[in-house]
Amino acid sequence: MRNLPIVRDGVDTRGLAPEEHGFVNTDVLLPEVEGDLTGWTIPAKDLTAVEGLTCRLGSVYREHIPDTTDPAIRALRRRGATIYGKTQTSELGLSAYCEPNGMPAPVNPRFQGATTGGSSGGAAVAVARGLVRVAHGTDGGGSIRVPAAACGVLGLKLAHNNQGAVPTGHGYLARTVADLATVTRTELRSRSDEPRVGYLVEPLHADVDPQDTESTQAVARALGGHEVRRPYPRSHFACFSTLFSYRTARIRGPLQPLGAWLRDRGQQVTSAEYVQAAEQFMATGEMVEALGVDILVTPVLAYEPPPIGFFSSLDPAEDFAEQTRWTPWATLANMAGYPALTLPIGLGVQLVGVRATHEELLRVAARVYNGEL
């Protein structure tokens, strides 16, 4: 494994193992051509195939070397980016915290001793420590936006097609809106149309008392937003939970307790239950769009990141439930296929593009950070 920088952008990284920096490895895949990302080093999340780069999928028991490259990573190379290794993730991306199976957990640079969030925890750490400007991530239940909030960086989940009850989209983590704009080819110049903004601080998917609602309300009010009602009952989250478990039913090989519990649970889901859950899942967007807003503003985390090992020390069923209490707004964007952006304000403020593109979310974020609001 290549040596990592000791100091980058004023951040002292001595004494940490590469995995604690957020990296599985730092081998390099060179760009295919020169382009607008020439000179950029962008690591890929270790759930994503990159030809010739060792992939572990968050577990030492799943190590392999892919012979193909995911289209999202290939697109970066075709714009001149160098793929700078792989970043740590939770086992198969199954948790909202990042404790890979058989490897050290990445170290949170914002909250000492706390989880980085997951599953893109390594990407968040690499960006927060200044080792890279931008890191690739994937997000199937908050996996970009949650670690971004926990580590104090920006996290953008791009829109994805949710047909077939697909929850996962690609995206990026960065320290500046400008860097996210570059990697997504977004023009930040403000448009004349003002988005309709609503905000919601009531937890959507769990019963919990959020620690920080003031940050969300302050951003929303600066955008001229108004409070909206919850778009669906709390019980709606059951469709996501059912589908999440169902997709683990055919996983083979050793798993951590959470993964084993999800697999066992998924094997009990009947075909009829799956079809019903998928229909409810894909109806999410219609319910949210009835709010009549372009952008929905919510918190990201209900409370500060707990210590590493907190979630995994719980019984698996309670582990899953507590992760949901910690991130009770995250999966809305996954169920509806919306773009969503974490702003590292307070415990995180989320902009969800109900009828807005990721470009519009980034333009709003630029106005927030440029003091235009």
Side-chain angles (χ1 to χ4, degrees), residues 45-48 57-58 89-100 115-124 136-150 155-162 164-173 203-206 208 232 234 236-249 251 256 258-259 261-263 265-266 269 277-278 280-282 284-285 288 296 298-302 305 311-312 316-342 348 350 352-353:
K45 184 176 177 178
D46 200 35
L47 297 183
T48 307
L57 302 173
T89 183
S90 57
E91 184 176 56
L92 297 171
L94 294 177
S95 66
Y97 55 94
C98 189
E99 296 175 20
T115 180
T116 60
S119 59
S120 304
H136 163 264
T138 58
D139 190 318
S143 288
I144 288 173
R145 294 159 288 143
V146 167
L156 174 66
K157 172 203 167 294
L158 299 171
H160 75 278
N161 185 346
N162 73 337
V166 173
T168 304
H170 289 270
Y172 303 98
L173 301 96
L204 279 169
H205 303 140
V208 64
Y232 48 71
R234 196 162 288 154
H236 184 66
F237 179 72
C239 69
F240 179 89
S241 177
T242 297
L243 293 168
F244 193 75
S245 299
Y246 180 83
R247 287 191 168 88
T248 67
I251 295 174
Q256 293 169 315
L258 176 67
W261 175 77
L262 287 166
R263 177 171 60 189
R265 187 170 180 255
V269 176
Q280 294 170 345
F281 180 104
M282 290 184 289
T284 302
V288 178
L296 180 65
T298 77
V300 180
L301 305 178
F311 292 113
S312 57
E318 180 59 22
D319 178 354
F320 187 84
E322 189 59 35
Q323 290 179 68
T324 306
R325 286 190 283 269
W326 187 43
T327 65
W329 302 274
T331 49
L332 179 153
N334 301 95
M335 291 190 283
Y338 296 146
L341 173 66
T342 286
Q350 177 179 222
V352 181

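Count residues from 1 along the sequence.
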Which heavy atom in [X] sits nearest to a heavy atom in [Y], and how many Å separate them?
X	Y	result
Asn334	Pro167	ND2-O, 2.9 Å
Thr89	Lys45	OG1-CE, 3.4 Å
Ala340	Gln350	CB-OE1, 3.7 Å
Thr138	Ser120	O-OG, 3.2 Å
Cys239	Gln280	CB-OE1, 3.5 Å
Met335	Asn162	O-ND2, 2.7 Å

Does any non-hydrogen side-chain atom of [Y] lie less than 4.5 Å from one of [X]?
X	Y	answer
Thr115	Trp326	yes
Asp46	Leu57	no
Ile144	Leu156	no
Val300	Trp329	no
Trp261	Asp319	no
Leu258	Phe320	yes
Leu92	Ile251	yes
Val166	His160	yes

Would you give the length of the straight line joining atom CD of Gln323 to atom CD of Glu318, rounded to the nearest 0.5 angstrom? 10.5 Å

Without swapping roles, check the side chain of [X] against the backbone of [Y] for a donor-acceptor pair under 3.5 Å.
X	Y	answer
Ser95	Glu91	no
Asp139	Gly142	yes
Ser143	Ser119	yes
Arg263	Ala249	no
Arg145	Leu341	no
Ser90	Pro100	no
Lys157	Tyr338	yes

For Arg265 and Thr242, which I'm curious about, is there any donor-acceptor pair between the side chains at under 3.5 Å? no

Looking only at side-chain N and O atoms, does Thr331 offer a donor or acceptor that is under 3.5 Å from a partner on His205? yes

Step by step, would you call Tyr232 with Val288 a side-chain contact (heavy atoms from CB on, under 4.5 Å)? CA-CA 8 Å; Tyr232 48 71; Val288 178; 4.1 Å; yes

Could you tell me whether His236 and Phe281 have their ring centroids closer than 6.0 angstrom? no

Carefully, step by step, assess Tyr97 and Thr116 under the rule side-chain contact (heavy atoms from CB on, under 4.5 Å). CA-CA 6 Å; Tyr97 55 94; Thr116 60; over 6 Å; no

Could you tell me how the ring of Phe244 sits relative to the ring of Phe240: parallel (under 30°), tilted (30 to 60°) or perpendicular (over 60°)? parallel

